[in-house]
2 protein chains.
Amino acid sequence: MANDREVTIYDIARELNISATTVSRGLQDHPTISKKTKKKIFDLAERLGYRSNHFARSLRNQKTNTLGIIVPRLNSHFMSSVIAGIENAANEQGFSLLIAQSSESSVKEAASVRTMFDSRVDGLLVSLAVDTAELSHFEHFFKKNIPVIFFDRVMPHENSVNILIDNRQAAYNATRHLIEQGCRRIMHLTAPILQNVYKDRLKGYKEALGEYKIKFREDYVVITNLSQEAGAEVAKTILKMKTLPDGIFAANDTCAIGCMLAMKEQGIRIPEDIAFAGFNNDPVTQVIEPHLTTINYSGYEMGQVAARHLIDHVRDVSFVSSTNTIILRSELIVRASSLKKGRK
Amino acid sequence: MANDREVTIYDIARELNISATTVSRGLQDHPTISKKTKKKIFDLAERLGYRSNHFARSLRNQKTNTLGIIVPRLNSHFMSSVIAGIENAANEQGFSLLIAQSSESSVKEAASVRTMFDSRVDGLLVSLAVDTAELSHFEHFFKKNIPVIFFDRVMPHENSVNILIDNRQAAYNATRHLIEQGCRRIMHLTAPILQNVYKDRLKGYKEALGEYKIKFREDYVVITNLSQEAGAEVAKTILKMKTLPDGIFAANDTCAIGCMLAMKEQGIRIPEDIAFAGFNNDPVTQVIEPHLTTINYSGYEMGQVAARHLIDHVRDVSFVSSTNTIILRSELIVRASSLKKGRK
DNA sequence: ATAAATAACACAATCGGTTGCAATTTTAGG
DNA sequence: CCTAAAATTGCAACCGATTGTGTTATTTAT
C-alpha cells in the first residue's frame with residue numbers, strides 16, 4: 001500500500017500527461033493555468049498524497065519559511081512563555097522554528113547564530129546572553145539583510161528591531177512603590193550591567209531614589225547571576241550588615257525569592273522588617289508567602305509580537321527601517337511582600 | 001566587501017582550477033583526494049567564507065540533520081527542561097531542532113506531525129497531548145521508517161521507542177510514604193486516565209493502598225486538568241466533604257500547590273490535618289510552605305537521553321528494534337508537607 | 001623500458017521544484 | 001473561413017551539492 005518513494009510533481013505530470021511546469025504552477029494557483037487543469041492537478045495530488053519537497057523549494061527560491069530563535073535559557077518561565085507565543089504566531093503563518101539556547105554564553109550564542117545562518121533561516125529572533133557585549137557575530141545577517149529582531153535583552157542596532165518593555169519606568173515604579181511604603185534603605189539585586197534590562201532597571205531605581213532625595217549607595221547594589229541560590233547567598237551577606245536594609249528590589253523574581261526564603265529562615269519578617277519587590281511575575285511569586293510584589297509583562301505576548309513583526313519583515317523587505325523599537329506594556333503588581341502600610 | 005551572492009563549491013572549483021566534484025570530496029575528507037588538494041580547498045573555502053548549502057545537501061541525500069519535537073506545552077518547568085536537554089544533546093551532534101507545541105490538543109498535534117513530516121525531519125521526539133488516544137497520525141513516519149521516540153507521555157507502539165520513568169513505582173512510593181506517615185484517607189488528584197503517566201500513577205496509588213489494606217474509594221480520585229486553578233477548585237470541593245481526607249497525592253506539583261494554598265487560606269494545617277505529595281519536583285515545591293514532598297526526575301536528562309537515542313537511530317537504522325523502552329530513574333523527595341511523624 | 005596497478009581527479013546525471021520565454025491552442029473579430 | 005489577440009502549456013536552464021563511473025597521471029613491478 002504505502003509506496004516508499006516520495007510522490008513528486010513529475011509523478012503527477014506523467015499521470016496527467018502534462019508537464020511538471022504546469023503541475024508546479026497549478027499547485028501554486030498560478031493565473032495562467034486553466035481551472036480545469038488545476039482541478040485535475042489538485043485532485044490527483046490529493047489522491048496520491050503529494051507533499052511538496054521543502055528542500056527543493058528552498059533551494060530554488062532561497063526561502064526556508066523557518067525562523068531561528070536564540071535565547072539564553074529555555075527553561076525559565078518567562079522564556080518558555082515567549083517561545084510558546086512565538087510558536088503560536090509562527091505556526092499561524094506557516095513558519096517553522098529552529099531553536100537554540102546560548103546558556104548565557106556569548107560564545108555559544110555566536111555558534112548558534114552561525115548554525116542558524118547555515119540553515120538559512122528567513123529571520124532571527126534573539127534575546128542576548130548576559131555577557132554579550134557587542135553584535136559583531138550577527139554581521140552575516142546584517143550584511144545579507146536577513147531581518148534580526150532582538151527581544152527583552154536587546155542591544156540597539158540600526159539594522160534591527162528591538163522589542164521590549166520600558167524597564168526604566170517599571171523599575172522606577174517598583175522602587176517608588178517601596179519608598180511610598182516607607183522604605184528608605186532599599187537595596188537592588190541585579191545582574192552584570194552589560195545588558196539593557198539591568199542597566200535600565202538600575203536607572204529607574206536610581207531615579208526613584210533621587211526623586212525622594214534618598215542618596216544612592218553603591219554598596220546597595222549587588223551584582224549576581226540572579227539565581228535562587230544567589231539570592232540565598234546575598235541574604236547571608238545582607239544579614240551581616242550593621243544596619244539592615246528595609247526594602248529590596250530584585251531584578252528578577254527567582255532571586256528575590258531565594259533571598260526571601262533565606263531571610264525568613266533567619267527570622268526576618270517580610271514586609272515588616274524588609275519589604276520585597278521582584279520582576280517578571282513568575283508563578284512562584286504567588287506561591288511564596290507573603291506573595292511577591294513584582295512587575296508583570298507577558299512573555300507570550302512579547303513572543304507573538306516579535307514573531308509577527310519578523311514575519312512581516314520577511315515577507316516584505318521594503319518596510320525594514322520603518323520601525324525601530326516596540327515597547328510593550330508592563331505593570332506593577334502589588335502584593336503582600338511590600339505592603340507595610342494600609343494592610344488589611 | 002560583502003559579496004551578496006552565496007559562495008558555492010563551484011566558486012572554489014573555478015578559482016582552484018579543479019572540478020566541483022573534487023571540491024565536494026575534498027570538503028568531505030574523501031580518501032581519494034590528495035592532501036595537497038584538500039589543503040588548498042579548505043584554505044580557500046575558509047578565505048571565501050564558504051558555507052555548505054543545507055538544502056542542496058538535504059535534497060541530495062534526503063537527510064536534514066534536523067529533529068522534530070512536539071510537546072503538549074512549552075511553558076512548563078518540566079518540558080522546558082526536557083527541551084533544554086534535547087537542545088544540548090542535539091547541538092553536540094550537529095543536529096538542529098524544529099519545535100512545535102500541541103497545546104494539549106490531539107488535533108494540533110496531528111497538524112504538527114504533518115508539518116514535521118513535510119519538513120522532512122530525520123526523527124521525531126514526542127510527548128503526547130492529554131487527549132491523544134491513538135497514534136494513527138504518526139503513520140506517515142512509521143511507514144517510512146522515520147524513527148519516532150515518545151517520552152514521558154508515551155504510548156506503546158512496535159515501531160517506536162518509549163522513554164519514561166516508572167510512574168507506577170513512583171506513585172506507589174509516594175502513596176506508601178503518606179500511609180507510613182499515618183494517612184488513611186488519601187485522595188488522588190490526577191488528569192484524564194488516557195495517558196500512561198496518569199494511568200500508572202493511579203495504579204501505583206491503588207497498589208500501595210491495597211498493600212496496607214486500605215480500601216480504594218472511587219470518590220477519592222479527582223480528575224482535573226492539573227492546573228493550579230484546578231487545584232484551588234478541588235480544595236473547595238474537598239473542604240465540603242463530611243470527613244476530610246488526611247492525605248493528598250497529586251499527579252503534579254502545580255495542582256498540589258494550588259490545592260495547598262487554597263486550603264491554607266481556610267485554616268487547614270499542612271501536614272497535620274492533611275499531608276501532601278506532588279509529582280515532578282518543580283521549583284515551586286521548594287518555595288511553598290511547607291515545602292512539598294514530591295517525585296523528582298530530571299527532564300533535562302530525559303531530553304538528553306531521548307535525543308541521543310534518536311540520533312543513534314537516525315544514524316544507523318539497523319538497530320531499530322533492539323530497544324523498546326528506556327526507564328529513567330526517579331526518586332521520592334520527602335519534605336515537610338508530608339512529615340507527620342518524626343519531625344524535628 | 002613496458003605492462004599493470006594505483007592514485008588523483010573530472011563528467012554528467014540526479015535530488016524536486018521554479019520560472020523566463022517560446023510554442024501551441026483557443027477565442028474573438030472581421 | 002482567416003488572422004490577430006488572448007489563454008494555456010511546455011522547454012530547458014537553474015538552485016548547490018553528491019556520487020557512480022570513466023579518464024588521466026603517477027608508481028610499481030617485471
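Quick note on labels: first sequence line is chain A, next is B, and so on, each numbered from 1. Hydrogens, waters and symmetry mates play no part in the numbers below; they use all other heavy atoms, side chains included.
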For C/dT18, does either OP1 or OP2 sit under 4.0 Å from a side-chain N or O belonging to A/R57?
yes
Does B/H77 offer a backbone N or O that forms a donor-acceptor pair with the side chain of A/N75 under 3.5 Å?
no
C/dC15, OP1 or OP2 - any side-chain N/O from B/Q62 closer than 4.0 Å?
no
Is the shortest side-chain N/O distance from B/Q28 to OP1 or OP2 of D/dA17 below 4.0 Å?
no
Mind telling me whether B/H157 and B/F142 have parallel, tilted or perpendicular rings, with 30° and 60° as the class edges?
parallel
Please give me the minimum heavy-atom distance between A/R153 and A/V197, naming the atom from each residue.
CD-CG2, 3.8 Å
What is the distance, rounded to the nearest whole Å, between atom NZ of B/K63 and atom P of D/dG16?
24 Å
Nearest whole angstrom, please: distance from the P of C/dT18 to the CG of B/L59.
12 Å
Should B/S24 be listed as having a side-chain N or O under 4.0 Å from OP1 or OP2 of D/dA17?
no
Starting at atom CZ of B/R14, determine the distance to atom P of D/dA17, rounded to an integer number of angstrom.
12 Å
Where do A/L98 and B/L97 come nearest, in terms of heavy atoms and distance?
CD1-O, 2.9 Å
For A/R51 and B/R120 the tightest heavy-atom approach is O-NH2, 3.8 Å
Can you check the A/F55 CZ to D/dT18 C1' distance for me, whole Å?
15 Å
Flag, side chain of B/E104 to backbone of B/V130, donor-acceptor distance under 3.5 Å:
yes
Under 4.0 Å between a Lys/Arg side-chain N and an Asp/Glu carboxylate O for B/R14 and B/D11?
yes
If I take atom NZ in residue B/K40 and atom P in nucleotide C/dA8, what distance separates them, rounded to the nearest angstrom?
13 Å
Per-nucleotide protein contact string for nucleotides 7-14 of chain D, where B marks a base within reach and S marks sugar-phosphate only (heavy atoms under 4.0 Å, - for neither)
-BBBBBBB
Which whole-number value in Å describes the distance from B/D11 CG to D/dC15 P?
11 Å
Euclidean distance, atom CD1 of residue B/I9 to atom P of D/dA17 [Å, nearest integer]:
5 Å
